[in-house]
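Read the numbers this way: they start at 1 and go in the same order the structure lists the ligands and their atoms.
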Amino acid sequence: MNLNNSLSATIIIAFATGLVIAYTRLHPDMAMATLITYVTTMVCLSLILAITAWLYRKHKSSVDAGDIAGISENLNTEMIMWTDDFSAVYMNRHMRELLGIEGLNFDYKAELMRAFGIDSLSLSTIQEIIQSNSHEARFVSNDGSTITIAWSTSLVKQKKKTALYLSTGLNLTEIKKMRLDLASTNDLFNYSMSLAEIGIIMSNDMTNFIVSPETVRMLGLKSSNITLKNLRVAIHPNDRLMFDSAMKSANTDNGNEVHSIEMRISSADGFYHWYSYRYKGMNHSDSLPMFGGALIDSTQEHEKDLIIERLAYIDDVTEIANRNKLMDVGQETFEQCRLLNFSYWIIVLDIDRFHIINDSSGYQNGNYILKHFANIMYKFVTPGGLAARISGDNFALMLRDYGDDDLPLRTAKAIQDEFAKSAAGDFASINLSCSAGYAKMPEDCGSFLEAFEHAEFALKSGGTDNNTVHGYEARMHDSIIGRNELERELALAIDNNELQLFYQPKIDLSTGKIMGVEALIRWIKPDGTIVRPDAFVPVAESSHLIGKISEFVLNEGCRQNKLWQKMGYPEIVMSINFTSTDFYQNDLKDQVFEALVKTGLDAKWLEVELTETLALSDIDYAVSQMNKLRELGVKLAMDDFGTGYSSLSYLQILPITLLKLDRSFIIDIEHDNIAYEIVSSVIRIAKSKQIETIAEGIENPNQEDILRKAGCDFGQGYLYGKPMPAEKLQDFIEENMKQHQDK
Ligand code: C2E
Ligand code: MG
Ligand code: MG
């Protein structure tokens, strides 16, 4: 009953009561009966009104709840209407099915507790359910599965002390399951990745990388995000270039190919570990670019590989990279240079006269020098570079170019300086020097090998054994090709006996008689062209051919001289020229001895000419070799005296028998007082040491005259005769004999 109804009932009752009081005043005799009738009527009326109101209220509330129940009964969502005194609990069909309830009569309290997932229905639990926006309840359903429902409860009606509530549920079971599945999949994934120690590194902009928990662990990172810059910093400097080119090429990858790189990355323990990174780049126009792959610590495998690599790629003697390694790394670097627009310098170095050092100081010391040289060179390797021993005394250095064109020259000179300074102790008497050639890549070449050859061309162009440094120039290419061609032709010429000795007479200045000849080699080509030694001896010297040539010269010279003696010509000295390669042979004495024995020539008629540069490169060994030849009785001449860096003091220690004054002094002797002074004092000093002197290149009688007066013993030059074949020399001797028979 509402307020308006109550008011109108009160007015009606008040009006009726007024009427009854007025009537009893007018009829006092009827007052008692009227009052009884009135009270009885009012009680009945109130009773009817109360019953009507109750019935109305009852009827109305059952219609509200019934409406909701009717609507919700068939809804496919969970709904409960309940009074907080649990006198009435309605659950819709869906909910009843979940709980396995049949019909509408069930144990309200017990099933409500199940539905709300609580053990008791106290005031506080009810408050909790009502106040919570989403009360999460879990129960076991009819089919035994666990159901999770989030209940949202609202008040439908407050009836005195009893409230009617409507709870609507949101079934979270599937979502929960999905979330659980997702979480467990992720956990499982990470767990298996951590068990297998596989890290993941991915990016879709190549600037920021997302890494997996295992990567974070392996590399000791602070978070699962790392920038390209920081990742690069963590990579070993020598591997950064490779990483950069991997990034660059992945930028254009279409996802078809899996790549793999091996690189060192600074790791959780503070050390570099080797990692194998297998990755793919995907750059499809219809999707976001993606780059990523798996990272595996391959340090252990690398250590095993290192042993294998050591065998294949490390030089035994110097313990630096060998030729194979140089070629592999070189080609890899070449390709990276092309891709990333970088340049590298390749410097090829050759220890000057190493064969001498090796022969003179012995194998052990030779190895020591090689190791020492490798150590010096290694100091100049910058990140991303490489030092390698190519063969024998041949080394190479690869340096990254940063636009400083002087770098290779400066580096080579610095190596030369340090190497020269290291000549001490056992090596004090040796000139330690090296020559170098350099080239740049990838400019002007199609492969690393080509760049390397360019550096070698440059080295050879300066001639080895003379402490030079040369940069590659295109024109060198042709000259080297020519050189190689010449080398091949010369090898054939030796086999085809195209080499021949010419003889130039040596004259005794006091008598004018021939006292000896110098054997000078000539290469007579089949077409009759005569090639002078200057054109092919240096080529032969830088290859193994010189040994063959010298063997021929020694034997042929001895044979010819013995033949002339047998033919009855006057006994003369046969001089032959030796290069440093010949001279520093350990078995030099045996070779000479054999030639003498074989030809029957007495040792005193053989003279070996050595240049001063040759003799002075390792003075101790030179002296010992000379002494060995002297022991045989062979004469020793110092050729081209005055052209090198010799000092007269060496005449004290070198056991030479003849000093050959270089032609350059003789040319000037007529007009240049200084040249004359030098020549005459050298002659004087030599005489005081019982060393005979001979002047080279006498071309006119005036020169001869001056030299004779200066005390020079012998002369050689075009004035007497040019180098000539043996038969011509015989004519010369005969003529000379005729001219001087009476002297
Ligand atoms: P060398 O031993 O100093 O020989 C002397 C060179 O001077 C010879 O040149 C000779 O022809 C030249 N010569 C001699 N007199 C005169 C002159 O009056 N005027 C001018 N302008 N030149 C004169 P050749 O035969 O061309 O030899 C050049 C060099 O080649 C030799 O210099 C020697 O170092 C080397 N050589 C020659 N034959 C042999 C050989 O069989 N073995 C080795 N290892 N080297 C050799
Ligand atoms: Mg000579
Ligand atoms: Mg000479």
Which atom of [X] approaches the Mg ion (ligand 2) most closely (N/O/S):
X: Glu518; answer: OE2
X: Asp639; answer: OD2
X: Glu609; answer: OE1

From the candidates Gln716, Gln504, Glu696, Arg663, the one that places a heavy atom nearest atom 15 (N) of ligand 1: Gln504
What do you reckon, does Leu520 have a nitrogen or oxygen under 3.5 Å from a nitrogen or oxygen of ligand 1? no
Heteroatom proximity flag, Glu518 to ligand 1, N/O under 3.5 Å: yes
Would you mind listing which atoms of ligand 1 come within a distance below 4.0 Å of any non-hydrogen atom of [X]?
X: Val553; result: 41 (O)
X: Pro723; result: 11 (O)
X: Arg532; result: 9 (O), 11 (O), 24 (P), 26 (O)

Geometric class of the His454/Phe457 ring pair [parallel <30°, tilted 30-60°, perpendicular >60°]: tilted
Check this for me, if you would: do Lys506 and Glu518 make a salt bridge, where the nitrogen-to-carboxylate-oxygen distance has to be below 4.0 angstrom? no
Compute the ring centroids of Phe373 and Phe395, then answer whether they are less than 6.0 Å apart. yes
Look up atom 34 (O) of ligand 1 and tell me if a protein heavy atom lies less than 4.0 Å from it? no
Around atom 46 (C) of ligand 1, find the nearest protein heavy atom and jot down its residue, atom name and distance. Asn577 CB, 3.8 Å
Compute the angle centred on the Mg ion (ligand 3) spanning OE2 of Glu696 and OD1 of Asp640, and express it rounded to 10 degrees. 130°
